[in-house]
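Everything on this sheet refers to the single structure shown next.
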Amino acid sequence: MTEDLMWAPAPGWLPAGVRVYAIGDAHGCAGRLAEMHHRISTHAAASKPAKLLLVHLGDYVDRGPDSAGVIALLRAPVLVPGAESVSLMGNHEQMMLAALDAAADDRIRGFWLDNGGAATLASYGADAEDSGTWSLVPAGDRGWLRRLRPSLALGGYFFAHAGVRPDLPLDRQEPVDLAWIREPFLSWQGTLPAVVVHGHTPVRAPEVRSHRIGVDTGAVFGGALTCAVLEAERIGFLTV
């Protein structure tokens, strides 16, 4: 079966022969992420370019039922046949790592739990009320989270979980802004050095602006899980 895709002009560009699949916030929805990988595989097999790149835009954990399953999927050696894979750091990964640190205090741990961390712990068989069980989150998963990249630049695009500070060059962005920012980035009216592809801020449908493409469509809140398909100077979307 061939995946149908409606292409439209994109605000950015990629080098010839390169296609990027950029997936928004999965938030513990492991089954839907696996389905998205399958749909990407089907679409890519129909007209495979010279280089395929799969970009996950962060927020793999918290709120949804199977954060452990999402991480297991992303740690697999092959996610989509023939595609390289890059996973970026989201603010929920930052919160999780801070809370699991041995030096974390109750405020840091409580902040994570208030933002969906209890569901993540439950997916590992741990109890949010008993920090002694938090060691059930494997060291391998923690190490993988610590190695997540803050951003990726490619062609006329810049990939980051939340966005960028418009007043700073892209090579001077801080990891906390890349994972957390909303304003003034979302409503920015000026130009940026590249079109930013991001998640973090849930919307009902993908947003395509001159300076940004937002693909967090609230999968964990009942919306779709969305993937932006970028190639040359065109864009399309896959949803599950």
Side-chain angles (χ1 to χ4, degrees), residues 1-26 32-60 70-90 93 144-145 147-164 169-171 173 178 192-200 206-217 224-240:
M1 182 181 75
T2 300
E3 280 282 3
D4 293 326
L5 193 71
M6 184 176 294
W7 292 104
W13 60 274
L14 286 174
V18 176
R19 184 187 300 159
V20 171
Y21 295 90
I23 303 174
D25 306 33
R32 294 173 75 180
L33 183 59
E35 183 181 353
M36 178 62 79
H37 289 163
H38 175 72
R39 292 194 64 181
I40 291 170
S41 298
T42 301
H43 180 261
S47 58
K48 197 169 185 178
K51 180 176 181 179
L52 286 173
L53 180 62
L54 186 62
V55 179
H56 296 87
L57 292 168
D59 277 9
Y60 316 118
V70 169
I71 293 177
L73 279 173
L74 296 180
R75 291 190 65 192
V78 178
L79 306 183
V80 170
E84 298 179 23
S85 179
V86 174
S87 295
L88 303 183
M89 175 77 77
E93 285 75 53
W144 181 85
L145 290 168
R147 293 190 295 272
L148 293 173
R149 296 176 55 159
S151 63
L152 171 71
L154 182 61
Y157 291 107
F158 187 82
F159 301 84
H161 173 64
V164 300
L170 296 180
D171 61 357
Q173 298 289 325
L178 294 170
L192 293 175
V195 176
V196 181
V197 183
H198 67 95
H200 185 55
E207 290 188 335
V208 180
R209 304 286 186 265
S210 61
H211 74 293
R212 67 179 182 88
I213 299 169
V215 295
D216 177 7
T217 47
L225 180 64
T226 293
C227 172
V229 187
L230 305 167
E231 186 174 71
E233 297 179 359
R234 62 182 185 169
I235 184 172
F237 294 98
L238 297 171
T239 60
V240 297

Spatial distance of atom [atom1] ([X]) from atom [atom2] ([Y]) [nearest 0.5 Å]:
X	Y	atom1	atom2	result
H37	L238	NE2	CG	11.5 Å
T226	I213	OG1	CD1	12.5 Å
W7	L5	CH2	CG	5.0 Å
H161	D25	NE2	CG	5.0 Å
Y60	L145	OH	CG	9.0 Å
L52	H43	CG	NE2	10.0 Å

Check against side-chain contact (heavy atoms from CB on, under 4.5 Å), V240 and H38: CA-CA 10 Å; V240 297; H38 175 72; over 6 Å; no

Closest approach of [X] and [Y], non-hydrogen atoms and distance?
X	Y	result
P9	I235	O-CG2, 3.7 Å
Y157	A194	C-CB, 3.9 Å
A160	L178	CB-CD2, 3.9 Å
S210	P11	O-CB, 3.9 Å
A26	L33	CB-CD2, 4.4 Å
A228	V215	CB-CG1, 3.8 Å

Flag side-chain contact, heavy atom, 4.5 Å: [X] against [Y]:
X	Y	result
H56	S85	yes
V208	F237	yes
V86	F159	no
L57	D216	no
P193	F158	no

Sequence-distant partners of R19, side-chain hydrogen bond (donor to acceptor under 3.5 Å, both in side chains), two or more places apart: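 Listed in chain order: Y21, S47, E231.
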
Dump the intermediate steps for side-chain contact (heavy atoms from CB on, under 4.5 Å) on I23 and I40, then the final yes or no. CA-CA 10 Å; I23 303 174; I40 291 170; 3.7 Å; yes

Under a 3.5 Å distance rule, please check whether R212 uses its side chain to pair with a backbone N or O of H198 as donor and acceptor.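 Pair absent, no side-chain N/O of R212 close to backbone of H198.
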
Passes side-chain contact (heavy atoms from CB on, under 4.5 Å), D59 versus E93? Steps please. CA-CA 6 Å; D59 277 9; E93 285 75 53; 3.9 Å; yes

side-chain contact (heavy atoms from CB on, under 4.5 Å) assessment of L152 paired with L53: CA-CA 11 Å; L152 171 71; L53 180 62; 3.8 Å; yes

